[in-house]
Amino acid sequence: MSNREVLKAAAYSVLENAYSTYSSIKVAAAVMDRNGSIFKSINVENAGYSPTICGERNAIFTGITEGCKDFTEMVVVTDSSLVKSPCGTCRQVLSELAPELKIYFYGPNNYYHEFTIEELLPVAFTLKEEK
Ligand code: THU
C-alpha cells in the first residue's frame, strides 16, 4: 500500500469519532512524518464555538506533541460535501509547522484534491528570518 492509502485508512478509522455536535460535519486527518510515524485526529467542537479545533490542526499538534518536526504527507477525509479544503487557520498553522506537506483531500461523491502549502497559502505570514 502507498503512504497515501495507509494514511487514508488511518483517517477513515477515526472519522466516526469526530465530535461535531454543532455542525454535524465530520473531518479526520492522518499525517505522516519523515520517519513514517502516523498521527491521526478528528475535529472537536465546543458549545463556545471558538474553542473548536479542526482535524488537520489536531493531527499536526498530536505529532508535535510526540516530538515530530518533519511532516511529509497528510490525508484529510470528511463526510461533508461542503468541506473541500483546509480552513484559513489551519493553513497558517500548517505553513509554519509543516511547510513541505502534501495534502490529499477526500470527500463524498468521489471528491478528491491534492494541495501543497504554497498553493493553500502563498505569501504566508511568518516571523522566521528569510533563508
Ligand atoms: N473542519 C475541519 O476539521 N477541517 C476543515 O478542513 C474544515 C472544517 C471542521 C471544523 C468544524 O468542526 C466543522 O468542520 C465545520 O466547520
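Please read all numbers here as calculations on a predicted model, not as lab measurements. Ligands are counted one by one from 1 in listed order, and the atoms in each one are counted from 1 as well. Atoms considered below: every heavy atom in the structure, side chains included; atoms not considered: hydrogens, waters and symmetry mates.
- A pairwise comparison of heavy atoms in Ala29 and Gly55 identifies CB-O, 3.6 Å as the closest pair.
- For Ser23, no nitrogen or oxygen atom sits less than 3.5 Å from a nitrogen or oxygen atom of ligand 1, counting backbone and side chain alike.
- Ala18 does not count as a contact of ligand 1, since none of its heavy atoms falls under 4.0 Å from the ligand.
- Applying the side-chain hydrogen bond (donor to acceptor under 3.5 Å, both in side chains) test to every pair with at least one member in residues 106-115, sequence neighbours left out, gives these pairs: Arg4-Tyr106, Arg4-Tyr112, Lys102-Glu114, Tyr112-Glu114.
- Distances from atom 3 (O) of ligand 1 to the protein include at least one heavy-atom value under 4.0 Å.
- Screening residues 24-38 for side-chain hydrogen bond (donor to acceptor under 3.5 Å, both in side chains) gives Arg34-Asp70 as the qualifying pairs, with residues at least two apart or on separate chains.
- For Pro86, the heavy-atom gap to ligand 1 drops under 4.0 angstrom.
- Between atom CD of residue Glu100 and atom CD of residue Glu73 there is a gap of 12.5 Å, rounded to the nearest 0.5 Å.
- Every N/O-N/O distance between Thr52 and ligand 1 stays at or above 3.5 Å.
- Using a 4.5 Å cut-off on side-chain heavy atoms (C-beta onward), Glu56 and Val27 make contact.
- The closest protein non-hydrogen atom to atom 9 (C) of ligand 1 is Asn43 ND2, 3.7 Å.
- With ligand atoms numbered from 1 in the order given, ligand 1 contributes 1 (N), 2 (C), 3 (O), 4 (N), 10 (C) to contacts under 4.0 Å with heavy atoms of Cys54.
- At a threshold of 4.5 Å between non-hydrogen side-chain atoms, the residues Leu120 and Ile103 count as touching.
- Put simply, the side chain of Phe105 reaches to within 4.5 Å of the side chain of Pro86, judged on heavy atoms.
- Between Ile53 and Phe61 the shortest side-chain heavy-atom distance falls below 4.5 Å.
- Applying the 4.0 Å criterion to heavy atoms of Glu45 picks out, from ligand 1, the atoms 11 (C), 12 (O), 13 (C).
- Neither the backbone nor the side chain of Ser80 comes within 4.0 Å of ligand 1, counting heavy atoms alone.
- Within the listing of ligand 1, atoms 2 (C), 3 (O), 4 (N), 5 (C), 6 (O) sit less than 4.0 angstrom from a heavy atom of Glu56.
- Closest to atom 7 (C) of ligand 1 among all protein heavy atoms lies Val83 CG1, 3.8 Å.
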